[in-house]
Undergrad: 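I have a structure I would like to understand better, so I am pasting it below and will then ask my questions one at a time.
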Amino acid sequence: QVQLVESGGGLVQPGGSLRLSCAASGYTFSAYCMGWFRQAPGKERDWVAAIARDGSTHYADSVKGRFTIAQNNAKNTLYLQMNRLKPEDSAMYYCAAEPCDTRPSWYLIMTPPEYNMWGQGTRVTVSS
């Protein structure tokens, strides 16, 4: 059974840091494209960052230079390191996965409909 479980969210002051984790099970982690999304109350789910099978990464402009997506294939875990957090970063954060073994190794997915596997989310609140 494929499962994604996020953790690491919490309350942090502006300017602070958090590292989110997404533990994956039930599939060959390294064969998948993966991404992070976030959704604030009353808003649409927005793409935050994506990583390809070859390790290529891409970020939304709003987080570029502050967030880093990474994965550890040996641990089947995806990470999102978030630095210099702002109140507008407050949201529920979700990881997502989609098989990419038939795609080029550099292929990135940045839109929610292309992902078929989602975690339950972890809440991040940035407030003083």
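Throughout, residue positions are numbered sequentially from 1 according to the sequence presented.
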Undergrad: Taking C-beta and beyond as the side chain, do L80 and R38 meet within less than 4.5 Å on heavy atoms?
TA: no
Undergrad: Do F37 and I109 belong to the same hydrophobic cluster, where Ile, Leu, Val, Met, Phe, Trp and Tyr are linked whenever their side-chain heavy atoms lie under 4.5 Å apart, directly or via other members?
TA: yes
Undergrad: Between CD of Q71 and CG of L78, what distance do you get to the nearest 0.5 Å?
TA: 6.5 Å
Undergrad: Of the non-hydrogen atoms in T122 and G8, which two are nearest, and what is the gap between them?
TA: OG1-N, 4.0 Å
Undergrad: Looking only at heavy atoms, which two atoms of S128 and P14 are closest? And how far apart?
TA: N-CD, 3.7 Å
Undergrad: Assess whether atom CD of E44 is packed by more than 12 heavy atoms of other residues, nucleotides or ligands within 6.0 Å.
TA: no
Undergrad: Could you work out, with side-chain contact (heavy atoms from CB on, under 4.5 Å) as the rule, every residue matching V124, not counting sequence neighbours?
TA: L18, L20, M82, Y93, V126
Undergrad: Would you say the side chain of K75 lies within less than 4.5 Å of the side chain of S21, judging by non-hydrogen atoms?
TA: no
Undergrad: Any chance you could lay out the side chain to side chain contact (heavy atoms under 4.5 Å, CB included) test for S17 and N83, step after step, and finish with the verdict?
TA: CA-CA 4 Å; S17 298; N83 298 328; 2.9 Å; yes
Undergrad: Any chain of hydrophobic side-chain contacts (each under 4.5 Å) joining W36 to M117?
TA: yes
Undergrad: Just by distance, do the side chain of Y59 and the backbone of I69 share a donor-acceptor pair under 3.5 Å?
TA: yes
Undergrad: Between D89 and K86, is the closest basic N to carboxylate O distance under 4.0 Å?
TA: no
Undergrad: Who passes side-chain contact (heavy atoms from CB on, under 4.5 Å) against S25, sequence neighbours left out?
TA: Q3
Undergrad: I'd like to know whether Y107 forms a side chain to side chain contact (heavy atoms under 4.5 Å, CB included) with T102, so could you lay out the CA-CA distance, the side-chain angles of the two residues, the decisive distance to 0.1 Å, and finally the verdict.
TA: CA-CA 10 Å; Y107 191 80; T102 61; over 6 Å; no
Undergrad: Step through the shown structure and confirm whether more than 12 heavy atoms of other residues, nucleotides or ligands are within 6.0 Å of NZ on K64.
TA: yes
Undergrad: Applying side-chain contact (heavy atoms from CB on, under 4.5 Å), name anything that partners A50, two or more places apart in sequence or on another chain.
TA: W47, L108, M110, Y115
Undergrad: Would you say Y32 and I51 make side-chain contact, with heavy atoms under 4.5 Å?
TA: no
Undergrad: Please report the interatomic distance OG1(T125) to CD(Q13), rounded to the nearest 0.5 Å.
TA: 13.0 Å
Undergrad: Please report the shortest heavy-atom distance between R84 and R66, naming the atom on each side.
TA: O-NH1, 2.9 Å
Undergrad: Has the side chain of E6 got a donor or acceptor atom that lies under 3.5 Å from a matching backbone atom of C22?
TA: no
Undergrad: Side chain of R45, backbone of P112: donor and acceptor closer than 3.5 Å?
TA: no
Undergrad: Does the R103 side chain pair with the main chain of A52, one donor and one acceptor, at a distance under 3.5 Å?
TA: no
Undergrad: Looking only at heavy atoms, which two atoms of A40 and S90 are closest? And how far apart?
TA: CB-O, 4.0 Å
Undergrad: Does the plane of the ring in Y94 sit parallel, tilted or perpendicular to the ring in W118? Use 30° and 60° as the thresholds.
TA: perpendicular
Undergrad: Got a second to check how far L4's CG is from C95's SG, nearest 0.5 Å?
TA: 4.5 Å
Undergrad: Tell me whether V48 is reachable from Y79 by hopping between hydrophobic residues (I, L, V, M, F, W, Y) whose side-chain heavy atoms are closer than 4.5 Å.
TA: no
Undergrad: Taking atom CG of N72 and atom OG of S30, what is their separation to the nearest 0.5 Å?
TA: 11.5 Å
